Protein chains: 2
Amino acid sequence: MSSHRPTIVDVAAAAGVSKSLVSLALRDAPGVSATTRARIMAIADDLGYRSHTWARALAAGRSQVIGILLNDLHSAYHTDIVEGIERAADAAGLTTVLSHGQRDPKVLAQRLGHLQDLSVDGVIVVSALLSPDALAHAAQRGPVVVVGRTTQVADTVGAVWNNDEVGAHLAVEHLARLGHTRIAHLAGSHRPASQARRAAFHATMTALDLPAPHLVCDDTDTVIASVRAGATTAVFASNDTRAARLLGAALDAGISVPGDLGVVGYDNTELTELLRPRLTSVDQPRHEMGQRALAILTDLLGGGPARVEVVAPRLIVRDSSGPSPTP
Amino acid sequence: MSSHRPTIVDVAAAAGVSKSLVSLALRDAPGVSATTRARIMAIADDLGYRSHTWARALAAGRSQVIGILLNDLHSAYHTDIVEGIERAADAAGLTTVLSHGQRDPKVLAQRLGHLQDLSVDGVIVVSALLSPDALAHAAQRGPVVVVGRTTQVADTVGAVWNNDEVGAHLAVEHLARLGHTRIAHLAGSHRPASQARRAAFHATMTALDLPAPHLVCDDTDTVIASVRAGATTAVFASNDTRAARLLGAALDAGISVPGDLGVVGYDNTELTELLRPRLTSVDQPRHEMGQRALAILTDLLGGGPARVEVVAPRLIVRDSSGPSPTP
DNA sequence: GCAACGTTCTGGAGCGTTCCAGTTCCGTTC
DNA sequence: GAACGGAACTGGAACGCTCCAGAACGTTGC
């Protein structure tokens, strides 16, 4: 009645072979006859044997486990990326564990450390909040890939992000094509992705010859005031949550969307379908980004160089963007 | 230029003491003089030593890591619970790792197995999708606490959930007090929590002497049709997402909320503030639930019995519920 | 009939840590 | 000055596994 978790030694004893052979058999390694292997497998199963991941890792030097660190769990955006990673990891026979950092760079860095303490084989950071320094530092301990735009870092860190320039361009062009000329940008933080979207907003406005000044601010009230004053008829928001807040504020202010105001978000989260009007948004291919991140990581594990991949976004048109009101 | 991660042996060599002493010093164990301890600490720090969690776990038989399994990452509801758990875990000096099961009982069971393969000290399951059998089975391998209502299981599994009866009662009573008599229930799945809410809906309707029949269905269209027919003026939805869909459908159908239709959700997720009108909802004390789950788990680790705790929800009134339209 | 070979299997060392039973050293006490 | 006791420290076994060198055995070829 030993309540002990069975080990390969137990299996070996039951099968009348050495523990080494059990190890080989269970790992599908060559050098074990088919019949013996089958017998060992059956006995292991019978005993309820499960391999002890970390004992294995300790002995083998690899754990076949990768860590995923995400910004926070609240974000609908990050989770699809995680799914992409996990699907690819499953296919590659890797296990994943998650951790998250509550949107706080300090916590993120700490959790990244914890993850690496577990001696996972590598870490994928799904967050743009970690400084290049922190990433480079972590990369000294083990392979690191970041999903999310960063200012370019040490070439030891792999990265995947979407092309924010293209995304912003798609959004603004779409609004312009609907006849809007007074387009504002509801901007995000000062992180690289937001910066890029902001810069691309300006560039596109200029390229399309739309009349200056181009209103850019990070504050809903200012935008609403501008709409009321007739100085803005459409807004490109730097993400869906901001767009949702703007939508709420517009309805509160009696501004009809898309009648008086066209709105385009970014990230194509599930919010887009829950809000009314449904939100036009720029979609990042999140699953694909996750897959690519894992591919970069496995290459890194195989001794390859860290590379950066940039994927293309596309615009999903829904109800929040319509023709410009005739002036 | 050994790129090797430093071990206690390296630290011991550098400090000119035995590895045992280093181990003691780093763990703050007694039997080390203050000066030696300080010296060892300094040297460890210097070398960038970090303890190898799983080697430690292997030797000590405990890892000080607990696993958290969640339903899926998309759910705004679960994430606060996780935060509650993690905050408590931090305070208790435990590390956490997450995993999730994509809303699929099969995947959940598999991930639960993976988590236990990592030989974490215990697992908290934040999902109501796992069968009592699966939970009991997992509990044989190690301590398990579930957050979310389950039909009562083996007394080896700890549990926390909110009092759905009280929650449903609060919602219906609120609507009744506003003058609604024709209240429908937009029901959830057949899981225990939904069942309980449904049953409590009926019980409350009866207790309040509201006229039968009490419409219960899980389909938005039917509810909308009933509102159109004048047979329903208010809806208690089994969760916020369902309520959000109903809100969308109502607006699509030209039904004004709360004018023609009062809506109350459940879970008080962030959706409640993003939607218009803002959603009245029943709040579960999610942080508290997470904390309690961890408390139960640590008691379990200490050899205590598994217990079940039920916490009280409360109603948060917002804009989606207003006085009944005069008939 | 014997060497050479391939296949299957074994024993022991080692991964980084903890734990336990000692050992050493120093200050007290009688 | 011998005996004791406690604090500080050490060495080796153990945790469950992998890896490697080599043993055992049957086949093949000459």
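Keep in mind that what you see is a predicted model, and the values were worked out from it rather than measured. In the text below, chain A, chain B and the rest are named by the order of the sequence lines, each starting its count at 1.
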Self-check item: With A:Glu288, the side-chain hydrogen bond (donor to acceptor under 3.5 Å, both in side chains) member among A:Gln291, A:Arg292, A:Gln284
Solution: A:Arg292
Self-check item: Least distance between heavy atoms, A:Gly158 atom then A:Ile296 atom
Solution: CA-CG2, 4.0 Å
Quiz item: Within the structure, does a side-chain N or O atom of A:Arg56 lie under 4.0 Å from either OP1 or OP2 of D:dT18?
Solution: yes
Quiz item: Reckon A:Arg27 has a side-chain N or O less than 4.0 Å from the OP1 or OP2 of D:dC19?
Solution: yes
Side chains of [X] and [Y]: closer than 4.5 Å at any heavy-atom pair?
| X | Y | value |
| --- | --- | --- |
| B:Leu69 | B:Ser99 | yes |
| A:Leu70 | A:Val82 | yes |
| A:Asp28 | A:Arg37 | yes |

Practice problem: Check every nucleotide of DNA chain C for an atom under 4.0 Å from a heavy-atom of chain B, then give the first and the last such nucleotide from 5' to 3'. | Solution: C:dG16 to C:dC19
Quiz item: Is there a salt bridge (Lys or Arg N to Asp or Glu O under 4.0 Å) between A:Arg111 and B:Asp90 once you walk through the steps?
Solution: CA-CA 11 Å; A:Arg111 294 289 168 88; B:Asp90 267 2; 3.8 Å; yes
Quiz item: Around atom NE2 of B:His137, are there more than 12 heavy atoms of other residues, nucleotides or ligands at under 6.0 Å?
Solution: no
Exercise. Can you establish whether the number of heavy atoms outside B:His287 located under 6.0 Å from its atom NE2 is more than 12?
Key: yes
Exercise. Have a look at the helix from C:dG1-D:dC30 to C:dC30-D:dG1 and give the angle its two end axes make, five pairs each, rounded to 10 degrees.
Key: 60°
Write down the distance between [atom1] ([X]) and [atom2] ([N]), rounded to a whole number of angstrom.
| X | N | atom1 | atom2 | result |
| --- | --- | --- | --- | --- |
| A:Trp54 | D:dT18 | CH2 | P | 14 Å |
| B:His52 | D:dC15 | NE2 | P | 19 Å |
| A:Arg62 | D:dC17 | CZ | C1' | 12 Å |

Quiz item: Run the side chain to side chain contact (heavy atoms under 4.5 Å, CB included) check on B:Gln116 and A:Arg50 step by step: do they pass?
Solution: CA-CA 10 Å; B:Gln116 293 190 310; A:Arg50 308 207 84 193; 5.7 Å; no
Exercise. Take B:Asp117 and B:Arg141, measure what salt bridge (Lys or Arg N to Asp or Glu O under 4.0 Å) needs, and give me the verdict at the end.
Key: CA-CA 9 Å; B:Asp117 286 346; B:Arg141 293 231 274 149; 3.0 Å; yes
Exercise. Going by the side-chain contact (heavy atoms from CB on, under 4.5 Å) test, name the single residue among B:Leu115, B:Thr53, B:Asp121 that passes it with B:Val65.
Key: B:Thr53
Polar-atom pairs under 3.5 Å, protein N or O versus N or O of nucleotides 5-10 of chain D: list them with distances, or write none.
from, atom 1, to, atom 2, distance (Å)
D:dC9, OP1, B:Thr36, OG1, 3.0
D:dC9, OP2, B:Ser33, N, 3.2
D:dC9, OP2, B:Thr36, OG1, 3.4
D:dT10, OP2, B:Ser18, N, 2.7
D:dT10, OP2, B:Ser18, OG, 2.9

